[in-house]
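To keep things clear, I will list the structure first and then write my remarks on it.
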Amino acid sequence: MEELREYNPKEIEEKWSKFWIEKAIYHVEKPDKRKKFSVVIPPPNVTGSLHMGHALNSTLQDIVCRWQRMKGRQVVWVPGFDHAGIATQYVVEKQLAQEGKSRLELGREEFIRRVWEWVPKSRNAIRTQLEKLGVSVDWKRERFTLDEGFSRAVRKAFRELYEKGLIYRSEYIVNWCPKDLTALSDLEVEHEEEKGKLWYIKYPLEDGSGYITVATTRPETMLGDTAVAVHPEDERYKHLIGKRLRLPLVNWKRRTLSGEEIDEFIPVVADERVKPEFGTGAVKVTPAHDPNDFEIGKTHNLPFVRVMDEQAKMNENAGEFAGLDRYEARKRIVEKLREQGLLEKEEEHLHAVGRCYRCKTVIEPMVSEQWFVKVSDPAIKDTSIKVVEEGEEEVEEREVFIQYAEVEGLTITIPVSDETSGETKAVIVLDKGIEFLTGIREGELAYVYYPEGKPEVAQRAKELTYEFMQKSSGLEFLIGLEGEITVIRQGIESKIEAGRYLLAFEGNRLNLYRWEETPQFLQVIESGHARLEPVQKSIKVKVEREKRREVRKKQVKFIPEQWKKFYLDWMYNLRDWCISRQIWWGHRIPVWDCQDCGHANVFTDDDFDRVYDKLIFNLIADGKLKNEFTPEEVEEILKSPNFVHPEMSVLDFYKKFAFHKYHSTDVDAHSLRLFFTQEANPMAMLTPGVSTRGLYRYDSKSKKWRMVLRCKKCGSENLKQEEDVLDTWFSSALWPFGVFGWPEESEDLKNLYPTNLLVTGFDIIFFWVARMIMMGTYFMKDIPFEDVYVHALVRDKKGQKMSKTKGNVIDPLEIIDKYGADALRFTLAILTVQGRDIKLSEKRFEGYKHFANKIWNATRFVLMNTPEDFATMLPYMAPLRPEDKWIMTLLNETAEKVDKALQNYDVSRGAQAIYDFFWSDFCDWFIEFSKERIYKPIPEGDDEETQKEKAKILSEKTTALYTLHYVLEKALRILHPFMPYITEELWHRLPASKGESISLKDFPQKKQEELFPEETRRVERLREIISTIRSLRSDLQIEPSKRLKAFYRTEGEFSKSVIEEFKNHILNLAKLESFEEAPERPENTVATFSKDVEVFLSVEGHVDIEKLSQSYEKKKEKLLAELERVNKKLSNENFLKKAPPEVVEKERRIKEELEEDLQKVERILKVLEK
RNA sequence: AGGCGCGUAGCUCAGUUGGGAGAGCGCUGGCCCGACACGCCAGAGGUCGGCGGUUCGAGUCCGCCCGCGCCUACCA
């Protein structure tokens, strides 16, 4: 066999990453709805490089996806990116600043061009990182929130919501960032407790009869006060309600938002929202600069006075303070109040200050005109709550036609072919004892074959089939059989012993079930594409109709469950969502305001019915085409490479992801020019069938065309498009259906939505998960995903959030470089415990790289001992030894453990299980056991006796190798979802592996027939005995390589038989020269014991009695402590009375064991003492 | 203020219906034994945050307290 060199992660990872992508083996062209497992990636920002959080997120998804794929599901995992409006704009603005430019100087168009220049660089970097991680995504389905199709979807979504009254424009108090010059949603504001001051200011009564003192943390806003509010029941102020106060400092007219001038006299109003116990119980009301005051202002119909501009500088309403920064104004105002004796006092005060999540500038609440999604509307809110809280049931009634075929003498052959290569892998022949055959089409039972004159068999077959169809992966057919199954692989025929079986083709695997009361899964007999070839002697067919009622529960499940409450709490107290942002990078709001009649026109390509119009409209709306254009420009844009899929043109992209119906459309400048001309030509009116809408107009001066949009209400052409763009999360909310081609009813959308799983961090449950649920249930009338796996945050080793500013980030790329992607993935997987943050230090990666190295070297051992003609030797192998059966048992148990763990998204437990098995069981013990057979010298000589001996040794060696290969191959498959690269590499090097990739093979299932409890018990006992001897050697400080004589004494039949059977293993692994039975402790030996076996080790020369005694003293103490506990329990009458008998029995047994052990320890100590 | 989570070996964490306290790293001692020193073998180390309750029996269930973290909130 080819020799393995050293483990070099970089080399193999690059190789396989390239292989997976180039062969597109994770692309499924036409997924079957019943077999699919779909996932959309949480699109990373185009701005950043991937951090550990992304690595964790992607790793978890990949583990589940690879596992599901191996379980036979058609996995479609869609990758993509989001455009990250504010963040991206921020980055590019910073770059401009370095050139000494600002975006305002550059202008919108030029600025956007600059962003498009920068975005691909960053995007490619992220894509490369994802590739390095080894994610099994379908790159052919990659999407971007700002690609042509998605932008179109965003406009459609906007329009639909707007027309249903669920998007509205309104003057509202929003969180304004004076630095980024945009409104932010509530979620984009970070609140933190900060030290501030509380100023007490006297507001004199108009009649001069006194004053009211108000307390405020923001005195500068007093210039915008339009009332003072008190609680209606507050005795201190009750009598003042309705009176007027004179606003201090202000001796100028102020202009309200609606344009009226008002003076400095403001009313005292009563409002229940005022808390009498806070401050003075009287609160100044600044409706234009405070969220609460805004509400109070609305209720009491107060004037709204804005005193600051966009940059939070005081405006003309601030009179003498106009032009000052808000903090400077604060200082001056406080000084002035103090001078005038109107400042009663100043107190230290702790309060929450809101800051911009991006630039950390203090938010200025301000009234402005913004767009909102009315998420508080029951149409959105109630459904979004329901699908999480209790789920919605969807009942579907259908009429099904089932063909019943009464047959005589049915036989079936099933050729199974490879999914990718198409070659036949196996043929399964059933020619005796077939009870029935059922077939499924489109998820429905389509036909039943059953023996003549036995309708009850048909009935039973139908029931069983329905039962099987409940299972998650699609069922193609089911065969009931009482007899023998013949499997032919590569011309070699093997049989599965006769019995009562069910044979089912599920996913892409042929599964074998034992057919008892409840069918019990036995094994996968083949995987690949199966074709049924039934042959029957005679046939009578009738067709029956049947009504089927199907109930499907639409419920989003959070994992871990605690996040359900988190989500619901937020949902109950939902406020409308501000979606407009005053930035340039993003989806510009598709609203054109009529400058003549004021009508707000929402345009989408639905307003045009020809594909040319639609294309041109979309290009304009996306900002790709200017208002004036030439046909050549249009052609050039459409034929230029698409941003996300450069192998495709923009036009191709449209055809694939947006305009399925127009797939044959081709566009060139010539045809466009004709089209425009015809449109614009007044003579066209005379040509029947040609539109006369005059959609295009030619300007003879500029020699360019324009598309004419007209107000839908008054027909005016004087339209102006809304300047604002939409919140990035608005488009992200459409992600789970947008990526599949919505609003088109594409095949993908039908087959892949709802998705099965979403993996994300808890920090964006509100931002994203909630909004996907809102939009998904609204637009698709169905949940966007079934399971939401919420993972923890990755922190540094001190538990602090990783951030660039703190300099405590661990860069995944660096880790991949140093330790390999497999080590990175495995580390993250094993550290991810549900509901707990991950504290990470670089050391952890090192540890799991060692694991990868271990796997590598174990395989190396197997391969270097495998002869070239291994396959031809297999037929001559000896029967399995107990240790072979033992390791197979553990292997099968591990397969089950990992499978169960992954079913529960318990990734850590799964990783732990395979780690322990591979290292502790397979490497430390089984490989060591196997060496006895592997390294046994083959005797020289030609005589018959030697030949026989030779053959025996060879056959045993073959068996050992067989087990090594068998177990290793399966272990690699179990490990594959966690460590895809190393397993792929090593798997291909195994002679038995056939196929394109390990990732397309089955995930090992527990097989009942590979569980050997008796052998397992024996080998476990053997391990104990060996460990005991090793322990004594170590206590005696005997060199490990030195072979010693040893003796044993036991009255236990079981232990004795174990020692006899495995004598060689004991000699080898405990490094003994001999191990013989002895009636008494021989001279010059030191004793130890393991359960009922006493071991005597012969020693020569000096023995450190002191040290040995200490070791046994310690053991004695432990035993005594244990005994005390057990005795206490057993002497408790209540325990004996009330505890279950088996528990009492167990304690008794423990006591016996402890007492025996104690006796032995004491005896040893006695010997040592003398 | 409310809600959630956490407190187990020096460190990071497991501990699945309550029934003899575990892993990895680190540490100590001994070993290059024909896969692997990225390794092998052996070992030390814990009043499971505190108090109280339920129970024959609590790391595990309940209550209170202490400490840490996070999220939410309209105390101006």
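To find a chain, count down the sequence lines: A is the first, B the second, and so on, and within it residues start at 1. Just so we're clear, the structure is a prediction, and the values are computed from it rather than from any experiment. As a basis for the values below, the full set of heavy atoms in this structure was taken, side chains included, without hydrogen atoms, waters or symmetry mates.
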| request: Taking the six-membered ring of A:F861 (Phe, Tyr or Trp), confirm whether the NZ or CZ of A:K931 is under 6.0 Å from its centre and within 45° of its axis. | output: yes
| query | Is A:P1040 touching bases, backbone alone, or none of the nucleic acid, heavy atoms closer than 4.0 Å? | reply | sugar-phosphate
| field | Residues touching RNA chain B, which here means a heavy atom under 4.0 Å, drawn from residues 906-915 of chain A | value | A:R909, A:Q912
| task | Would you classify A:T217 as touching base, sugar-phosphate or nothing, given that sugar-phosphate means primed atoms plus P, OP1 and OP2, and contacts are heavy atoms under 4.0 Å? | result | sugar-phosphate
| field | Side-chain donor-acceptor contact under 3.5 Å, A:T299 with A:R273 | value | yes
| field | For RNA chain B, the dot-bracket pattern of Watson-Crick and G-U pairs whose distances stay under 3.5 Å, | for other-strand partners | value | ((((((((.[[[[.)...(..]]]].(((((.......))))).....[[[[[..)....]]]]])))))))....
| query | Does A:W570 place a side-chain N or O at less than 4.0 Å from the phosphate oxygens OP1/OP2 of B:A73? | reply | no
| task | Look at A:K1042 and B:G30 and indicate whether a side-chain polar atom (N or O) is within less than 4.0 Å of OP1 or OP2. | result | no
| query | For B:A42, does OP1 or OP2 lie under 4.0 Å from any side-chain N or O of A:S1027? | reply | yes
| request: Answer yes if the side chains of A:E344 and A:T213 hold a donor-acceptor pair under 3.5 Å, and no otherwise. | output: yes
| said: Does A:H349 reach a base, just sugar-phosphate, or nothing at all? Heavy atoms under 4.0 Å. | reply: sugar-phosphate
| query | To the nearest angstrom, how far is A:Q1110 atom CD from B:G43 atom P? | reply | 15 Å
| How far, in whole Å, is B:U16 from B:C70 if one measures between their C1' atoms? | 26 Å
| field | Whole-Å C1' distance, B:U17 and B:U60 | value | 11 Å
| request: Could you check how far OH of A:Y1112 sits from P of B:A44, rounded to whole Å? | output: 13 Å
| field | Donor on one side chain, acceptor on other, A:D271 and A:H231, under 3.5 Å | value | no
| query | Hey, is the main chain of A:D906 close enough, under 3.5 Å, to the side chain of A:N904 for a donor-acceptor pair? | reply | no
| task | Look at all strands and tell whether A:W919 reaches a base, only sugar-phosphate, or nothing, counting heavy atoms closer than 4.0 Å. | result | sugar-phosphate
| Between OG1 of A:T963 and CD1 of A:I927, what distance do you get to the nearest 0.5 Å? | 12.0 Å
| task | Report yes if a side-chain nitrogen or oxygen of A:R273 is closer than 4.0 Å to either non-bridging phosphate oxygen (OP1 or OP2) of B:C74; otherwise report no. | result | no
| request: Using a 4.0 Å heavy-atom cut-off across all strands, classify A:I838 as base, sugar-phosphate, or nothing. | output: nothing
| Rounding to the closest angstrom, what is the interatomic distance between B:C48 and B:C31 at atom C1'? | 36 Å
| Counting any heavy atom closer than 4.0 Å, what does A:E928 reach on the DNA or RNA strands: base, sugar-phosphate only, or nothing? | base
| request: Take atom P in B:C71 and the same atom in B:G57, then report the distance between them in whole Å. | output: 42 Å
| task | With P as the reference atom in both, quote the distance from B:A1 to B:C65 in angstrom, rounded to an integer. | result | 12 Å
| query | Using atom P of each nucleotide, how far apart are B:G29 and B:G67 to the nearest Å? | reply | 41 Å
| query | Are A:E364 and A:R326 ion-paired here, with the side-chain N under 4.0 Å from a carboxylate O? | reply | yes
| message | For B:G39 and A:H850 - does any side-chain N or O of the residue sit under 4.0 Å from the phosphate oxygens OP1/OP2? | response | yes
| task | State, without any angle test, whether A:D1035 and A:Y1112 hold a side-chain donor-acceptor pair at a distance under 3.5 Å. | result | no
| Can you tell me if A:N1064 and A:E932 form a side-chain donor-acceptor pair at under 3.5 Å? | yes
| request: State whether the distance check finds a donor on one side and an acceptor on the other, under 3.5 Å, for side chain A:K843 versus base B:C25. | output: no
| request: Find out whether the Lys NZ or Arg CZ of A:R355 is both under 6.0 angstrom from the six-membered ring centre of A:W176 and within 45° of the ring's axis. | output: no
| task | Report the residue (A:Q1037 or A:F851) whose heavy-atom-nearest nucleotide on RNA chain B is the more 5′ of the two. | result | A:Q1037
| Is any side-chain N or O of A:K1114 closer than 4.0 Å to OP1 or OP2 of B:G45? | yes
| Quantified in whole Å, what is the C1' atom distance between nucleotide B:G50 and nucleotide B:C27? | 30 Å
| Heavy atoms under 4.0 Å, any strand shown: does A:L1154 hit a base, just sugar-phosphate, or nothing? | base
| field | Sugar-phosphate, base or nothing in reach of A:K1137, heavy atoms under 4.0 Å | value | nothing
| said: Does A:H191 reach a base, just sugar-phosphate, or nothing at all? Heavy atoms under 4.0 Å. | reply: nothing
Taking N or O atoms only and anything under 3.5 Å, show me the protein contacts with nucleotides 69-71 of chain B, one pair per line.
none

| field | Contact under 4.0 Å: A:S1034 side-chain N or O vs B:G29 OP1/OP2 | value | no
| query | For B:G20, does either OP1 or OP2 sit under 4.0 Å from a side-chain N or O belonging to A:K1146? | reply | yes
| query | Would you say the side chains of A:E347 and A:Y200 form a donor-acceptor pair under 3.5 Å? | reply | yes
| message | Please give the distance between the C1' atoms of B:G24 and B:G18 as a whole number of Å. | response | 27 Å
| field | A:K1129 versus A:S1131, side-chain donor and acceptor atoms under 3.5 Å | value | no
| Which is true for A:V285 with a 4.0 Å heavy-atom rule: it touches a base, it touches only sugar-phosphate, or it touches nothing? | nothing
| said: Within the 3.5 Å criterion, strictly below it, is a donor on A:T1028 or A:K1091 matched to an acceptor on the partner's side chain? | reply: no
| field | Residue closer to the 5' end of RNA chain B, A:Y7 versus A:I1026 (nearest nucleotide) | value | A:Y7
| Between atom CZ in A:F826 and atom P in B:G24, what is the gap in whole Å? | 13 Å
| request: Have a look at A:F826 and tell me which of A:Y819, A:F845, A:F918, A:F851 forms a ring-ring contact (aromatic ring centres under 6.0 Å, His included) with it. | output: A:F851
| query | Among A:W577, A:Y567, A:F566, A:W563, whose ring-ring contact (aromatic ring centres under 6.0 Å, His included) with A:F766 holds? | reply | A:F566
